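Comments concern the structure below.
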2 protein chains.
Amino acid sequence: MKLALIEDDLLLSDTVSDILSAEGFEIFPFFSFDNAETALYEERFDMVVLDVNLPDGNGFDLAKAMRRNAIGTPILFLTSQSSAEAVALGFESGGDDYLKKPFEPAELIARLKNLTRRSFFHTSSSFIPFGKHYLFDPLSQKIMTAEGNVITLHAKELSLLKLFLLKSTEIVTYEEFFEELWGIGNEPGFDALRAHIKNLRKALPHLEIETIRSLGYRLA
Amino acid sequence: MKLALIEDDLLLSDTVSDILSAEGFEIFPFFSFDNAETALYEERFDMVVLDVNLPDGNGFDLAKAMRRNAIGTPILFLTSQSSAEAVALGFESGGDDYLKKPFEPAELIARLKNLTRRSFFHTSSSFIPFGKHYLFDPLSQKIMTAEGNVITLHAKELSLLKLFLLKSTEIVTYEEFFEELWGIGNEPGFDALRAHIKNLRKALPHLEIETIRSLGYRLA
DNA sequence: ATATGAAATTAACATTGACTTAACCCATCT
DNA sequence: AGATGGGTTAAGTCAATGTTAATTTCATAT
């Protein structure tokens with residue numbers, strides 16, 4: 001997690017560096033507008049912490065310039081300009097968060113973590129782990145593997161999986177499958193269910209679906 | 001822009017309602033945990049402003065419950081709990097921003113607009129990068145490519161794109177398209193939507209619009 | 001009013017892809 | 001061995017979507 005820290009106060013820059021390094025951020029400090037600008041165009045950072053009052057320029061202008069150049073890196077303004085107008089200007093310049101000095105280190109950390117989360121997933125969502133190898137994302141309705149791959153299931157397979165997750169490790173009977181996936185009166189042949197179970201097993205090889213003869217299926 | 005305001009202090013609730021109504025938000029006030037929770041599950045809001053100390057429950061818990069139920073609506077905590085620990089807890093609960101009381105109305109407005117991203121489309125002068133190849137210029141309402149070309153979209157395609165950008169990578173359902181682009185009662189045939197999607201894809205070839213069969217579309 | 005051109009909508013056609021089905025195979029139990 | 005149930009495969013079907021072009025609508029100027 002590479003973080004560009006643009007702050008001309010040497011003492012404060014040092015303090016913030018220490019705090020954030022301890023949290024696992026890799027800090028790249030800059031002390032002037034010009035130095036920061038060239039670096040931002042050349043290198044990719046995951047996050048920018050930006051002071052507004054720089055000796056040779058304005059932080060808002062730097063943010064605007066970045067956005068104009070299609071650099072979408074999240075920006076947190078860290079500044080003593082505490083008026084609501086300054087905050088508004090910060091957001092309008094393309095900033096993603098705004099923290100007033102003086103600040104508590106824990107709050108800076110919390111806000112930075114919030115920004116990384118938003119930029120990575122674009123939206124906060126809770127994932128449901130299952131089968132020791134998989135995560136279910138309710139928002140996108142997709143599966144993520146332990147290796148980081150994303151699996152998109154077909155509608156019927158998805159419904160199958162959801163029913164399994166709902167029932168935990170209980171046996172799910174044939175009747176329950178038909179009722180849940182098709183509804184009474186629309187049941188296809190038994191072959192269809194077998195085919196979907198087969199497809200789900202193929203799509204999620206590490207998921208153990210146990211066969212209960214002449215009754216149903218269940219998760220191991 | 002429907003905003004759920006969950007705040008038990010009647011006076012403050014009224015004040016905030018006035019401030020935000022003047023900014024064009026449609027305010028739905030709730031004064032208790034329970035009332036808010038049932039409403040949030042039944043209705044879709046674009047934004048939630050949430051007090052932490054409610055008479056019959058905790059705002060952090062409400063946020064957690066929402067996220068657990070895959071409700072991704074942006075949440076701004078508005079509270080007198082000003083410790084850094086409380087801020088951190090707010091973000092961990094699934095909050096998207098945190099503003100301490102007492103606050104300046106202009107700052108609340110600025111932060112809310114930042115959360116919606118819609119504000120960018122109307123008021124801000126900053127460019128919005130999207131799809132790795134494009135920049136959206138809210139002022140001219142035009143697209144700029146990485147190569148420096150300018151693309152002018154038709155009105156309907158523009159609205160489509162804005163809706164996509166607003167929803168980030170969430171699925172946008174057919175109903176949402178119709179509601180947002182035409183309004184209830186003025187919906188054209190389904191063919192129209194398909195045609196516009198097709199035109200947008202043609203106009204922005206590098207933008208990956210994923211089709212979710214018999215549900216809607218979403219950005220990759 | 002009328003004509004014009006651009007954009008939105010509709011209609012028709014082509015293509016895709018998910019679901020179902022049927023046939024076949026293998027394992028297990030009596 | 002025969003019967004039964006489940007796994008596997010592949011082909012068929014139909015609805016959903018992509019695509020193109022014609023038609024309608026709308027805004028604007030004449």
Side-chain angles (χ1 to χ4, degrees), chain A residues 131 140-143 150-164 171-220, chain B residues 131 140-143 150-164 171-220:
Chain A
S140 70
Q141 303 279 302
K142 290 186 178 183
I143 316 300
V150 176
I151 298 172
T152 308
L153 295 178
H154 295 160
K156 280 277 164 340
E157 289 153 32
L158 240 182
S159 306
L160 257 183
L161 177 64
K162 285 184 192 171
L163 187 51
F164 273 128
I171 296 173
V172 185
T173 64
Y174 299 139
E175 280 81 18
E176 288 178 286
F177 282 118
F178 286 122
E179 216 173 296
E180 193 68 29
L181 299 210
W182 288 277
I184 297 166
N186 301 321
E187 295 103 339
F190 181 47
D191 292 341
L193 177 58
R194 275 158 56 205
H196 288 306
I197 288 281
K198 192 254 158 194
N199 290 337
L200 185 58
R201 279 175 167 150
K202 190 175 179 185
L204 305 177
H206 296 295
L207 187 69
E208 286 181 44
I209 301 174
E210 199 180 336
T211 304
I212 315 295
R213 222 155 201 266
S214 55
L215 224 193
Y217 298 89
R218 64 168 214 170
L219 286 195
Chain B
S140 69
Q141 302 280 305
K142 291 182 179 178
I143 316 301
V150 176
I151 298 172
T152 309
L153 294 178
H154 296 159
K156 280 281 170 319
E157 289 148 39
L158 238 183
S159 306
L160 256 184
L161 177 64
K162 286 184 192 175
L163 186 52
F164 273 128
I171 297 171
V172 186
T173 64
Y174 300 138
E175 280 83 18
E176 288 178 284
F177 282 117
F178 286 123
E179 212 172 301
E180 194 69 27
L181 300 207
W182 289 278
I184 297 167
N186 302 321
E187 295 104 340
F190 182 48
D191 292 340
L193 178 58
R194 275 158 56 207
H196 289 306
I197 287 280
K198 195 248 159 199
N199 290 338
L200 184 58
R201 279 176 168 150
K202 189 175 179 185
L204 305 177
H206 296 296
L207 188 68
E208 285 181 45
I209 300 175
E210 194 182 344
T211 75
I212 314 295
R213 217 150 209 269
S214 58
L215 227 192
Y217 297 89
R218 63 167 226 168
L219 287 195

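Quick note: numbers below take in every heavy atom, side chains included, and nothing from hydrogens, waters or symmetry partners. All figures in this text were calculated on a predicted structure; none of them were measured in a lab.
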Shortest non-hydrogen contact between B:Ala203 and B:Pro205, atoms and distance: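 Shortest heavy-atom contact: O-CD, 3.4 Å.
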Below 4.0 angstrom from OP1 or OP2 of [N], is there any side-chain N or O of [X]?
X        : N      : result
A:His154 : C:dG17 : no
A:His196 : C:dA18 : no
B:Trp182 : C:dA8  : no

Residues that [X] engages under side chain to side chain contact (heavy atoms under 4.5 Å, CB included), provided they are two or more places apart:
X        : result
A:Glu210 : A:Ile212, A:Arg218
A:Glu208 : A:Ala220
A:Thr211 : A:Arg201, A:Tyr217
B:Thr152 : B:Lys142

Aromatic plane relationship, A:Tyr174 with A:Phe190 - under 30° parallel, 30 to 60° tilted, over 60° perpendicular: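 Judged by the thresholds at 30° and 60°, the geometry between A:Phe190 and A:Tyr174 is perpendicular.
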Residue mapping more 5' on DNA chain C - nearest nucleotide basis, A:Gly189 or B:Pro188: B:Pro188
Set of residues satisfying side-chain hydrogen bond (donor to acceptor under 3.5 Å, both in side chains) with respect to A:Thr173, sequence neighbours excluded: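 Once residues adjacent in sequence are excluded, the partners of A:Thr173 under the side-chain hydrogen bond (donor to acceptor under 3.5 Å, both in side chains) criterion are A:Glu176.
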With B:Arg194 via salt bridge (Lys or Arg N to Asp or Glu O under 4.0 Å) - residues at least two apart: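 In terms of salt bridge (Lys or Arg N to Asp or Glu O under 4.0 Å), with neighbours along the sequence ignored, B:Arg194 is linked to B:Asp191.
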Residue list, salt bridge (Lys or Arg N to Asp or Glu O under 4.0 Å) with A:Glu179, at least two apart or on another chain: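 Once residues adjacent in sequence are excluded, A:Glu179 has no partner under the salt bridge (Lys or Arg N to Asp or Glu O under 4.0 Å) criterion.
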Distance, rounded to the nearest Å, where [X] contributes [atom1] and [N] contributes [atom2]:
X        : N      : atom1 : atom2 : result
B:Leu193 : D:dT19 : CG    : P     : 14 Å
A:Leu181 : C:dA18 : CG    : P     : 17 Å
B:Lys156 : D:dT25 : NZ    : C1'   : 12 Å
B:Leu160 : C:dA8  : CG    : C1'   : 12 Å
A:Glu157 : C:dG17 : CD    : C1'   : 12 Å

Divergence of helical axes at both termini of the helix from C:dA1-D:dT30 to C:dT30-D:dA1 - five pairs an end, 10° steps: 20°
Atom pairs under 3.5 Å: protein N/O with N/O of nucleotides 6-11 of chain D:
unit_1, atom_1, unit_2, atom_2, d
D:dG6, OP1, A:Tyr174, OH, 2.4
D:dG6, OP1, A:Ser214, N, 2.4
D:dG7, OP1, A:Arg201, NH1, 2.8
D:dG7, OP1, A:Thr211, OG1, 2.9
D:dG7, OP2, A:Tyr217, OH, 2.8
D:dG7, N7, A:Arg194, NE, 3.1
D:dG7, N7, A:Arg194, NH2, 2.7
D:dG7, O6, A:Arg194, NH2, 2.1
D:dT9, OP2, A:Lys198, NZ, 3.4

